[in-house]
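Let me begin by presenting the structure, written as structure tokens, before commenting on it.
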2 protein chains.
Amino acid sequence: MPGPPWLRQRLTNAGFRLTWPRQVILDVLGQNPQHLSAEEIFFHVHQFYPGIGMATVYRTLDLLTRTGLVFKFDFGDGRSRYELASEAAKGPHHHMICTRCGRIIDFGHSIDEEGELIAALGKELSEKHGFKINSHRIHFYGLCQDCQSSSTEGKR
Amino acid sequence: MPGPPWLRQRLTNAGFRLTWPRQVILDVLGQNPQHLSAEEIFFHVHQFYPGIGMATVYRTLDLLTRTGLVFKFDFGDGRSRYELASEAAKGPHHHMICTRCGRIIDFGHSIDEEGELIAALGKELSEKHGFKINSHRIHFYGLCQDCQSSSTEGKR
DNA sequence: ATAATAATGATAATCATTCTCAATAACTGA
DNA sequence: TCAGTTATTGAGAATGATTATCATTATTAT
């Protein structure tokens with residue numbers, strides 16, 4: 001059961017071949033709204049397509065990221081994480097990272113001020129530095145509920 | 001010439017020993033407002049303290065980060081970068097990362113809307129998810145001036 | 001000063017990610 | 001449909017950043 005047709009089209013339109021690994025990886029990403037690491041993706045894909053190799057996972061993820069189908073995140077835990085762009089684009093979505101247990105929480109709610117702020121900062125960036133902004137991300141760091149109780153901070 | 005006294009105090013107060021490597025690393029960070037990588041820090045420190053070892057650089061950076069004296073950043077280029085917290089705290093400062101050449105530009109200017117936005121988002125996070133926010137970061141992704149001219153996008 | 005022990009430096013080890021290359025599978029045009 | 005071209009794959013080696021190990025050294029409290 002190959003993934004959504006529009007996804008496949010985006011690949012073929014861009015001149016890439018529609019291979020099994022690519023379709024399965026896209027499926028796995030589509031069925032897992034969390035931020036999966038390459039290794040987690042590998043394990044999921046492996047169930048449907050046991051022949052998969054780690055290198056292919058990385059190559060495909062890189063391809064999908066460059067094509068804009070997938071977003072690549074870095075939460076500072078030493079591995080990259082990936083999410084379907086169509087999922088991430090359901091609204092401006094930000095991340096809260098617990099600095100103690102590493103838990104990551106999405107929160108997609110947008111607030112009026114955000115549009116204005118981003119617009120203002122973007123304007124400044126382009127005027128002062130000549131940058132052309134394509135996207136932005138806000139990361140919040142702090143303690144999740146569980147980690148606030150257990151008081152011994154200080155490690156990742 | 002050991003670094004600023006207040007920095008040293010912060011270390012000893014926290015129960016850590018005041019060693020040469022630590023002081024020199026602090027100095028180097030203080031004299032370089034950019035975001036240095038561990039390797040860059042190593043080279044700088046090496047000029048003043050040739051005996052320095054890479055492991056010590058990493059250990060010290062980790063210590064300083066955990067102590068709150070240094071901020072650790074991850075711009076997605078595969079290596080962590082560090083900056084003195086006192087420097088970074090001179091104002092809310094954000095980063096613009098060129099997705100083509102990897103250049104990073106700080107821009108520390110704050111805008112009225114920002115305070116409100118962060119406050120609003122923070123409130124929501126704590127109410128809905130029980131998070132306690134300590135800090136936040138905004139990253140902008142796009143193309144720097146130089147990379148807008150040379151049109152061939154698509155690689156890092 | 002001296003003892004107690006935290007911190008260091010050299011090195012090996014680890015971990016995620018990328019590279020290499022021969023084998024394979026996807027598109028193309030006939 | 002089939003063969004040819006070539007992108008893509010999988011296995012494993014290679015890389016690069018970071019971390020762990022451990023005997024030696026330096027710092028601090030006594």
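First the proteins, then the strands, lettered A, B, ... as listed; each starts at 1.
- In this structure, Asn13(B) atom CG and dT28(D) atom P are separated by 13 Å, rounded to whole Å.
- Remark: P of dT28(D) and CH2 of Trp20(B) are 13 Å apart, rounded to the nearest angstrom.
- Here the rule is side chain to side chain contact (heavy atoms under 4.5 Å, CB included) with Leu29(A), and of Leu61(A), Leu69(A), Val24(A), Val45(A) only Leu61(A) fits it.
- Separation of atoms CD (Glu40(B)) and CG (Asn32(B)) is listed at 9.0 Å; rounding is to 0.5 Å.
- In this structure, Leu63(B) atom CG and dT18(D) atom P are separated by 17 Å, rounded to whole Å.
- Distance CZ (Phe73(B)) to P (dT18(D)): 15 Å, rounded to an integer number of Å.
- Contact annotation: Arg22(A) side-chain N/O to dT8(D) OP1/OP2 distance is under 4.0 Å.
- One can place CZ of Phe42(B) at 14 Å from P of dT8(C), the figure rounded to the nearest angstrom.
- Checked for salt-bridge contact, Lys72(A) and Glu83(A) miss the test: no charged N lies under 4.0 Å from a carboxylate O.
- Contact annotation for Ser37(B): no contact, since no heavy-atom pair falls under 4.0 Å across all strands.
- Residue Arg17(B) contributes atom CZ, which lies 10 Å from atom P of dT8(C) at whole-angstrom precision.
- The residue among Asp62(B) and Leu18(B) whose nearest nucleotide of DNA chain D lies closer to the 5′ end is Asp62(B).
- The six-membered or imidazole ring of His95(A) lies near that of Phe75(A), with a centre-to-centre distance under 6.0 Å.
- Aromatic ring orientation, His94(A) versus His136(A): tilted (interplanar angle from 30° to 60°).
- Remark: Arg79(B) is in phosphate contact with dA17(D), judged by side-chain N or O atoms under 4.0 Å from OP1 or OP2.
- Protein atom CG of Leu61(B) is 16 Å distant from nucleotide atom P of dA7(C), rounded to whole Å.
- Rounded to a whole Å, the CZ atom of Phe16(A) is 12 Å from the C1' atom of dT8(D).
- Both cation-pi conditions hold for Arg137(B) and Tyr141(A): the charged atom is under 6.0 angstrom from the six-membered ring centre and inside a 45 degree cone around its axis.
- Of the possible polar contacts, none joining the Gln145(B) side chain to the Phe131(A) backbone as a donor-acceptor pair under 3.5 Å is found.
- A sub-4.0 Å separation between OP1 or OP2 of dT9(D) and a side-chain N or O of Thr19(A) is present.
- Near DNA chain D, meaning a heavy atom under 4.0 Å from it, residues 49-60 of chain B has Ala55(B), Tyr58(B), Arg59(B) in order of number.
- Both Pro21(B) and Ser80(A) sit near DNA chain C, but only Pro21(B) has its closest nucleotide nearer the 5' end.
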